Protein chains: 4
Amino acid sequence: MSDREDQLVGDFPLVPKQERAQQKRNALLESGHALFISKGYEQTTAKEIAAKAGVATGTFYRYFLDKRQLLMALLEDKIEKLMPPEPSWVIGNPETRLAELFEVHGNRLQRLGLHRVLPELILKDPELSKVIASAKLKIHSRIYAGLQKASEKGLTWNDLDLNTLTWSIMLLAENTTGKVLESGDTEEYQKTAKIICRMVFPPEVLKKLQTDENYEENLEN
Amino acid sequence: MSDREDQLVGDFPLVPKQERAQQKRNALLESGHALFISKGYEQTTAKEIAAKAGVATGTFYRYFLDKRQLLMALLEDKIEKLMPPEPSWVIGNPETRLAELFEVHGNRLQRLGLHRVLPELILKDPELSKVIASAKLKIHSRIYAGLQKASEKGLTWNDLDLNTLTWSIMLLAENTTGKVLESGDTEEYQKTAKIICRMVFPPEVLKKLQTDENYEENLEN
Amino acid sequence: MSDREDQLVGDFPLVPKQERAQQKRNALLESGHALFISKGYEQTTAKEIAAKAGVATGTFYRYFLDKRQLLMALLEDKIEKLMPPEPSWVIGNPETRLAELFEVHGNRLQRLGLHRVLPELILKDPELSKVIASAKLKIHSRIYAGLQKASEKGLTWNDLDLNTLTWSIMLLAENTTGKVLESGDTEEYQKTAKIICRMVFPPEVLKKLQTDENYEENLEN
Amino acid sequence: MSDREDQLVGDFPLVPKQERAQQKRNALLESGHALFISKGYEQTTAKEIAAKAGVATGTFYRYFLDKRQLLMALLEDKIEKLMPPEPSWVIGNPETRLAELFEVHGNRLQRLGLHRVLPELILKDPELSKVIASAKLKIHSRIYAGLQKASEKGLTWNDLDLNTLTWSIMLLAENTTGKVLESGDTEEYQKTAKIICRMVFPPEVLKKLQTDENYEENLEN
DNA sequence: TATGAATGAGAGTTCATTCAT
DNA sequence: CATGAATGAACTCTCATTCAT
């Protein structure tokens with residue numbers, strides 16, 4: 001059946017079945033994502049998702065058990081791509097680095113975009129809650145670990161509650177991106193970065209880190 | 001029809017028509033509030049709200065246009081009571097004061113409780129968006145004004161972006177209360193207050209404010 | 001509210017709420033019954049049942065959980081009325097009596113009418129199975145008891161298997177009515193009655209019973 | 001299907017196209033039969049039938065117009081094999097013979113097995129009705145003919161309604177097998193046979209037939 | 001005014017059937 | 001011919017909203 005494809009001299013190999021299915025599945029995911037974000041989860045119907053993806057209603061149900069499962073798939077899918085390479089907080093100018101980090105990280109959170117869709121759902125879907133909680137936990141521990149390292153080196157305030165700090169950062173990161181997407185003003189990243197640095201580093205350390213980009217590395221020796 | 005009651009020479013209902021209606025309306029508001037918070041807006045039916053309020057389904061529609069309007073009323077209602085007396089940020093130990101403020105303020109935000117319900121709704125209801133935005137704006141300007149005063153007195157970092165700072169504070173306040181309600185650990189307020197102070201005040205000012213409770217007042221003179 | 005009705009001098013008492021609900025419920029039952037019989041259970045939709053009963057689709061679901069439950073209700077309802085007063089088999093001409101019995105009994109089974117609808121359903125609905133089985137059992141034991149009495153008086157064949165006989169009778173009764181309803185020929189009752197008498201009574205007893213209507217009573221003394 | 005491999009003596013599939021098609025068709029028939037019996041007609045999907053037969057959904061529709069037509073084919077197919085060689089009712093002990101007959105005949109009816117599936121379908125499918133009615137008619141006339149012969153020889157009750165009797169016998173036969181299949185108790189055949197003999201033969205003839213196995217043949221001379 | 005039964009549009013889902021590969 | 005993904009009509013059931021009492 002698909003043997004013929006092999007004989008095609010290489011020009012336009014028909015997309016193999018599996019891949020086409022993947023395509024359709026992705027189209028549905030995309031479509032679902034877009035609609036969830038723009039109209040909200042409850043306001044989006046399976047029919048619409050299918051229509052926007054250019055397939056029939058029934059096709060939706062070939063790929064997903066139901067709307068909820070599409071959302072879950074969406075989350076897993078996106079969460080995969082969510083984990084940022086979390087570099088040292090203390091190499092280079094922390095404000096700049098944080099701003100960058102925010103931009104990347106927050107952008108992802110935002111592209112995931114579902115954060116506006118999720119709150120209500122969490123109320124009625126404990127499983128969903130779990131998935132999200134565990135994703136957040138992963139992010140949390142990355143940030144936490146980074147802070148801890150800095151803390152151990154005596155770079156941070158010495159009376160810092162790392163846990164509270166961590167989720168404060170997450171919260172600000174997530175919402176900064178939201179702001180930026182709405183306003184288009186990317187300077188927000190800088191501003192928030194500065195605020196967070198104030199939360200983390202005593203002023204003199206911060207100054208050192210900013211002027212002497214190798215300060216921290218030198219410290220290690 | 002029930003006018004007759006009024007003519008009853010004193011035998012009967014002390015509660016005047018209007019007041020009884022008010023009671024019913026309030027019962028519906030309460031009931032709606034509770035259900036929205038515990039199950040989510042979409043998951044709550046008009047019938048349920050009425051039942052929990054102890055009235056018939058139809059009665060719901062005598063007091064509210066529809067479910068959505070009840071939500072709006074709820075917001076206006078709650079927002080009224082939401083505005084905290086926002087005293088000077090700089091009298092007394094700021095951390096303590098902030099912690100107190102958080103507790104009061106955040107508690108209100110929380111009691112309003114709808115923040116978990118709103119995100120999705122905002123997507124489909126621009127009017128709702130406006131109501132909420134304006135409420136947030138009010139809170140924002142209070143905080144902002146307070147910060148500005150402090151800033152003018154030279155108590156804060158001099159490169160502070162007041163706007164960003166303000167919404168960071170709001171964000172943290174709102175979510176801290178959420179945390180506390182979940183965990184029951186009221187120390188969170190303290191911790192977050194400390195973090196926010198770091199964002200606002202340079203360490204030396206902070207110390208001054210904490211040791212010399214009249215520092216700021218003296219400054220004024 | 002319905003107090004007013006009491007004051008009506010007797011002319012046109014409004015049907016009380018409860019009764020009206022009963023009416024509607026009954027309309028649905030009737031409608032369901034008719035449709036199940038004429039088109040089969042699976043071929044009948046809830047919408048149709050509602051439409052035929054002159055109510056909206058949603059109303060159907062106020063009174064019944066679903067189509068299946070309507071069927072169950074139908075069964076219980078009808079089965080109630082199904083139990084025939086099963087008089088002695090041996091007073092009067094047995095053939096005549098049986099013919100009468102068939103007519104009444106079979107007619108009921110038939111009016112119940114669901115026997116053509118049930119077989120397939122039984123395959124997928126164990127609970128339904130139970131309801132029906134227990135109804136059949138009740139009928140079975142009535143017939144059985146009658147036969148036993150006759151048997152004890154030595155009126156029947158002495159090597160009779162009462163159980164097999166009983167269900168044979170039920171089978172024939174049920175199907176005779178079916179035949180009659182299709183053909184309109186009520187003589188079938190007579191014919192089947194005669195056949196059954198052959199199954200039950202030895203010829204000489206039968207003759208006695210037919211000629212001497214008091215034969216059996218005399219026997220007792 | 002995978003037979004081909006075995007036969008690949010080198011050149012080609014020995015199994016001619018037609019035969020392979022036949023095989024597939026049969027597989028589908030079997031599969032449909034099994035599923036109809038175990039889950040009911042409406043509860044069985046074309047997809048399932050195909051799957052159980054080991055072919056694709058689409059293939060189903062190459063062999064059958066639709067599910068209904070498969071059922072029809074099934075009936076014709078099975079009915080072919082349904083007609084029992086109906087020997088004289090009056091050679092040998094009638095009870096024994098009948099019991100045997102029941103076992104064979106009823107077994108077939110049962111193996112056909114669709115009797116639990118058909119009732120509802122008949123309601124919506126007049127054509128199906130016809131097919132079945134005609135099949136039953138064939139069986140009916142065989143039994144009828146046998147009874148008539150016996151009747152002509154004066155072996156039966158002289159006031160017998162042969163028609164009613166015939167369908168009574170069919171009814172009992174069909175259901176006895178049902179009982180036996182459920183209970184496993186093959187004695188039921190005997191019991192029902194005895195009952196039917198009571199319906200057909202006067203006691204003295206029956207006795208004769210049972211003691212003198214040649215009684216009837218002698219009669220002929 | 002209060003009531004709650006009734007309404008019916010519409011969401012979710014299934015499955016007989018078609019059709020591109 | 002076989003395949004199985006795709007289709008979309010049709011079904012079940014819910015719930016915001018209306019309306020007769």
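What you are looking at is a predicted structure, and each value in this text was computed from that prediction instead of being measured.
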Rounded to whole angstroms, how far apart are [atom1] on [X] and [atom2] on [N]?
X     : N      : atom1 : atom2 : value
B:D66 : F:dA16 : CG    : C1'   : 8 Å
D:F64 : E:dT18 : CZ    : C1'   : 18 Å
A:K39 : E:dA11 : NZ    : C1'   : 12 Å
B:R68 : F:dT17 : CZ    : P     : 11 Å
B:I49 : E:dG4  : CD1   : P     : 17 Å
A:Q22 : F:dA5  : CD    : P     : 13 Å
B:Q69 : F:dT17 : CD    : P     : 11 Å
A:E48 : E:dG10 : CD    : P     : 12 Å

Could you report the tightest heavy-atom contact between A:F60 and A:D66, atom names first, then the distance?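 A:F60 and A:D66 have their closest heavy atoms at CE2-C, 3.7 Å.
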Tell me the closest heavy-atom pair linking A:L28 and A:I49, and the distance in Å.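 Scanning both residues, the minimum pair turns out to be O-CG2, 3.7 Å.
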Earlier contact from the 5' end, DNA chain E, for A:E42 and C:F60: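 So the residue in question is C:F60.
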Nearest-nucleotide check on DNA chain E, A:T44 vs C:A56; residue mapping nearer the 5' end is C:A56
Go through F:dT18, E:dA16, F:dT14 for me and flag the one nearest to the B:Y61 side chain. F:dT18
Pairing of D:R68 and D:E127 as salt bridge, 4.0 angstrom limit: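 So D:R68 pairs with D:E127 through a salt bridge.
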Indicate yes or no: does C:E48 engage C:K67 in a salt bridge with an N to O separation below 4.0 Å. no
Would you mind telling me which residue lines up with the more 5' stretch of DNA chain F, B:L65 or C:A46, judged by nearest nucleotide?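 Of the two residues, C:A46 wins.
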So does [X] get a side-chain nitrogen or oxygen closer than 4.0 Å to the phosphate oxygens (OP1/OP2) of [N]?
X     : N      : result
D:T57 : F:dG4  : no
C:K67 : F:dC13 : no
D:T59 : F:dT3  : yes
D:R62 : F:dC1  : no
A:K47 : E:dA11 : no
A:Y63 : F:dA6  : yes
A:K24 : F:dA5  : no

Re F:dG4: Watson-Crick or G-U wobble partner, both distances kept under 3.5 Å, found to be E:dC19
Check whether any side-chain N or O of B:Q69 sits under 3.5 Å from a backbone N or O of B:L65 as a donor-acceptor pair, and report yes or no. yes
